[in-house]
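To keep things clear, I will list the structure first and then write my remarks on it.
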Amino acid sequence: MNKSDSIKNLAVAMCSAQAEMGGAAKGAANPFFKSKYADLSSVVQAIKEPFANHGLSYVQFPIEDGGRVGIETILMHESGEWLSNSFTVQLTKQDAQGAGSAITYCRRYGLQAVAGIPSEDDDGNAASKSKTPTKSDMAWVDAIKGNKATLDNIQNHDYRDYIEGLL
């Protein structure tokens with residue numbers, strides 16, 4: 001992270017803006033995971049008015065870093081104070097569409113992070129609720145207890161995280 005010499009005014013403005021902000025609405029559908037997510041437009045909608053009310057603005061620039069693409073987000077205050085940070089990801093598809101998708105993804109998460117807002121009905125809330133493990137779940141847990149390397153072989157990150165929570 002980079003910042004201006006002082007961020008006193010920016011910090012006060014962010015505190016006030018965050019008091020007005022809600023979460024970003026999960027209005028977009030992800031058919032692959034059969035879930036909803038807060039798209040970039042929902043994130044912008046959640047911060048636009050509170051930022052404007054408190055002299056805050058942002059810009060995001062596409063960047064490339066060693067084959068990774070992403071954005072640099074700069075949060076600015078009308079006093080001239082600023083914060084910036086970069087966020088890059090490895091491309092899964094090596095073409096313009098892949099780069100565009102990665103940049104949009106980074107813009108969404110970079111902006112949510114700098115604004116300090118969650119998605120509404122965050123998946124973490126659902127994940128934190130207790131769920132009774134099935135016999136199949138427990139078989140995985142027993143196998144992993146005997147051989148921790150098995151956990152690393154589970155490709156589905158959500159399922160791997162779930163199993164880790166049961167250990």
Side-chain angles (χ1 to χ4, degrees), residues 1-129 152 155-162 164-165:
M1 180 184 82
N2 296 304
K3 63 181 184 63
S4 55
D5 289 336
S6 170
I7 60 167
K8 180 182 176 187
N9 296 310
L10 186 148
V12 170
M14 276 300 293
C15 181
S16 298
Q18 286 175 334
E20 295 177 13
M21 285 186 244
K26 285 186 174 184
N30 181 337
F32 183 74
F33 289 109
K34 296 179 183 160
S35 62
K36 290 194 168 274
Y37 68 96
D39 63 6
L40 179 58
S41 132
S42 295
V43 175
V44 171
Q45 184 65 33
I47 69 167
K48 191 173 188 175
E49 190 172 331
F51 268 32
N53 291 343
H54 298 284
L56 297 165
S57 61
Y58 71 93
V59 292
Q60 293 182 302
F61 298 99
I63 60 172
E64 183 274 333
D65 182 20
R68 297 172 63 89
V69 299
I71 51 93
E72 178 180 12
T73 301
I74 305 171
L75 173 65
M76 301 169 288
H77 184 255
E78 62 191 8
S79 67
E81 296 173 350
W82 57 275
L83 296 169
S84 75
N85 199 36
S86 298
F87 176 41
T88 62
V89 295
Q90 189 67 42
L91 289 178
T92 55
K93 189 175 175 189
Q94 300 291 323
D95 62 12
Q97 183 172 2
S101 294
I103 289 167
T104 299
Y105 179 89
C106 290
R107 286 189 65 204
R108 179 168 41 109
Y109 281 100
L111 193 52
Q112 271 187 269
V114 78
I117 60 168
S119 298
E120 289 180 350
D121 301 317
D122 192 347
D123 292 337
N125 292 336
S128 67
K129 293 180 182 170
D152 295 332
Q155 298 298 310
N156 182 313
H157 293 286
D158 292 333
Y159 193 68
R160 185 169 57 215
D161 292 345
Y162 171 72
E164 279 182 311

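From a predicted model like this one, the values you see are computed outputs, not experimental measurements. Basis for what follows: all heavy atoms, side chains included, without hydrogens, waters or symmetry-related copies.
Although no hydrogens or angles enter the test, the distance criterion places a donor-acceptor pair under 3.5 Å between the side chain of Glu81 and the main chain of Leu10. In this structure, His77 contributes its side chain and Ser79 its backbone to a donor-acceptor pair below 3.5 Å.
Within the structure, the salt bridge (charged side-chain N to carboxylate O under 4.0 Å, His left out) test picks out no pair touching residues 50-75 (sequence neighbours left out).
For the pair Ser6 and Ser4, the tightest heavy-atom approach, listed with the atom from each and the gap, is O-OG, 2.6 Å. Pairing each heavy atom of Gly110 with each of Phe87, the nearest pair is N-CD2, 4.3 Å. Here the shortest heavy-atom pairing between Gln60 and Thr73 reads NE2-OG1, 2.9 Å. Heavy atoms only, all atoms of each residue included: Met21 and Ala46 are closest at CG-O, 3.6 Å.
If you take CG on Asp39 and CZ on Arg107, they are separated by 11.5 Å, rounding to the nearest 0.5 Å. In this structure, the separation between NZ on Lys3 and OG on Ser84 is 11.0 Å, given to the nearest 0.5 Å. Atom CD1 of Ile71 is separated from atom CD1 of Ile63 by 7.0 Å, given to the nearest 0.5 angstrom.
For the pair Met14/Leu75, a side-chain contact is recorded, criterion being any heavy-atom separation below 4.5 Å from C-beta on. A 4.5 Å side-chain heavy-atom check between Leu111 and Tyr58 finds at least one atom pair inside the cut-off.
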Cut-off 3.5 Å, no hydrogens considered: what does the side-chain donor-acceptor table look like for residues 96-106, sequence neighbours left out?
residue, atom, partner, partner atom, Å
Gln97, OE1, Lys93, NZ, 3.4
Ser101, OG, Gln97, O, 3.1
Thr104, OG1, Gly100, O, 3.1

Take Val114 and Asn85 through the test side-chain contact (heavy atoms from CB on, under 4.5 Å) and record every step on the way to the result.
CA-CA 9 Å; Val114 78; Asn85 199 36; over 6 Å; no
side-chain contact (heavy atoms from CB on, under 4.5 Å) assessment of Trp82 paired with Asn2:
CA-CA 8 Å; Trp82 57 275; Asn2 296 304; 3.8 Å; yes
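With sequence neighbours excluded, the residues satisfying side-chain contact (heavy atoms from CB on, under 4.5 Å) with Asn53 are Glu20, Glu49.
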